[in-house]
2 protein chains.
Amino acid sequence: MKLYDVQKDLSPHYLLMIKQDILLTVDSIVFTIYKEKLSVLLIQRLIEPFKDMRAIPWGFVLDNETLEQAAYRELEEETKVKNTYLEQLYTFSDVDRDPRGRVISCAYMALMRHEDINAKAESDAKEVKVFSMDKLPKLWFDHKKILDYALQRLRYKLEYTNVVQYLLPKHFTLSELQQVYEIVLNEELDVRNFRKKIDKLGIVKETWERVVRGAHRPAMLYEFTTKKTVIVDVL
Amino acid sequence: MKLYDVQKDLSPHYLLMIKQDILLTVDSIVFTIYKEKLSVLLIQRLIEPFKDMRAIPWGFVLDNETLEQAAYRELEEETKVKNTYLEQLYTFSDVDRDPRGRVISCAYMALMRHEDINAKAESDAKEVKVFSMDKLPKLWFDHKKILDYALQRLRYKLEYTNVVQYLLPKHFTLSELQQVYEIVLNEELDVRNFRKKIDKLGIVKETWERVVRGAHRPAMLYEFTTKKTVIVDVL
DNA sequence: CTAATAGTGTCTCTGAGACACTATCTA
DNA sequence: TAGATAGTGTCTCAGAGACACTATTAG
């Protein structure tokens, strides 16, 4: 930052503020379906303090990257997944949210297929693991709050977008699709009403392939009509 | 920030990133109704460069305040309004969004009554003025994009919250309320359907006072049932 | 009594939710 | 043919939108 530019632009009153001692991070909430549970990717510190606590994957923002790029980079480092679905959620800025110092964090939500996640303990300070949302460990600082916010957003988005596609394989049956909705929303859905709704949303189409998965009538395989998210960040 | 804490927590890989050369600001989009137009508060640089351009009011975040507090503080400095409605929108982080240097900005939306705004040219580097949204001047950098985003959010929020109250006086007629909706949404609304909708939202109640405003039947004055925003940030 | 705005009731259409049966496969 | 899941049709109710008339005041 060229200081003279700032000086020209701002009154002395503002000039005092240019020295900022704030670090900026991104937190990425990675949701996935694993063993028929809504799950989330968490990292663990292997050293004290807070050794027993898990955290949402996070990282510092580089000077020459956007927040979104930082989130993508972090996620790729942790999971090897590129081009996942990513959406900015909210920026958390409580002064004492991180006892180590002043850290403001922009939270993102990512959606991945579990089979794509190639989580690794990349450095000795980290270990990555998928946890079921109904058996969450103790989380760092305000990470529980961030996670709750993300879950709410995910549930909301399922209703009027096609983001569910990032939690499913390329081809799937309507029963599988319904199951994912039920898992995320945590409620049972009526088969017929669900199919009507999906039909109206227009997010899937038949592949005309059928698949036999047991001693019963085979199910039609469907695919998503578009890879583009119907409503992303409304930007 | 105590460096040893960070070192303990992070791998060398991350340690490199701790030196961040990023400044953090808040931008506050202030909407108000003025002369039957949806309007926005903008500031002007009185010196080169970009002297002709207007900007959304902004300011640096202090080390010991939240983003929200920074936005409130800035707004109070510019307008003398305290306790206005304020909502976080989105954090804009394009690397080149500000040609003067790396500045990441968290955008907030505020709603004010025009008569409450006591805008002032506080320093010689600024001048504050309310502009109609349909006669916007040229704006700094990405400020037009931020403003568009804010408008969209405002329109959306009108539909299912009572935030409109921050644009109206304490007592008002249903016609006035409808007019504000029409101004913001930029569309005409059916009188009867509008009243049914407001009734269903349950955000207003009768004061049983009537007001005569011309040679016609007097209108009932209403007030909002609650000052609490029905759905704020869903946090 | 005219002009101007306040205020109300009804019909239609569409979408959401409740609900029960038939279809097709394996073993 | 039994067991298991796939797949469909209809009724009801509620909310959204279109639409026309009466009420009350000042001048």
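Everything numeric in this text was worked out from a predicted model, so none of it was measured.
Summarising the geometry, the separation between CZ on A/F172 and P on D/dT5 is reported as 20 Å, rounded to the nearest angstrom. A straight line from CZ of B/F194 to C1' of C/dA6 spans 14 Å, rounded to a whole angstrom. At whole-Å resolution of the value, CG in B/L189 and P in D/dA16 are 13 Å apart. Distance A/E188 CD to C/dC19 C1': 15 Å, rounded to the nearest Å.
The side chain to side chain donor-acceptor pair (under 3.5 Å) search around B/D134 returns B/K37, B/S132, not counting sequence neighbours. Taking the side chain to side chain donor-acceptor pair (under 3.5 Å) definition, one finds that B/R155 meets it with nothing, sequence neighbours left out. Under the rule for a side chain to side chain donor-acceptor pair (under 3.5 Å), A/S93 has no partner lying at least two apart in sequence or in another chain. Residues that satisfy the salt bridge (charged side-chain N to carboxylate O under 4.0 Å, His left out) test with B/E159, not counting sequence neighbours, are B/K197. Annotation: side-chain contact (heavy atoms from CB on, under 4.5 Å) contacts of A/D148 (sequence neighbours excluded): A/K144.
The structure places CG of B/L41 at 8.0 Å from CG of B/L75, a figure rounded to the nearest 0.5 Å.
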*asked:* Counting primed atoms plus P, OP1 and OP2 as sugar-phosphate and everything else as base, spell out the protein contacts along nucleotides 7-15 of chain D at 4.0 Å heavy-atom distance: B, S or - for each nucleotide, 5' to 3'.
replied: SBBB-----

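Between B/H216 and A/H216, it is B/H216 whose nearest contact on DNA chain C lies nearer the 5' terminus.
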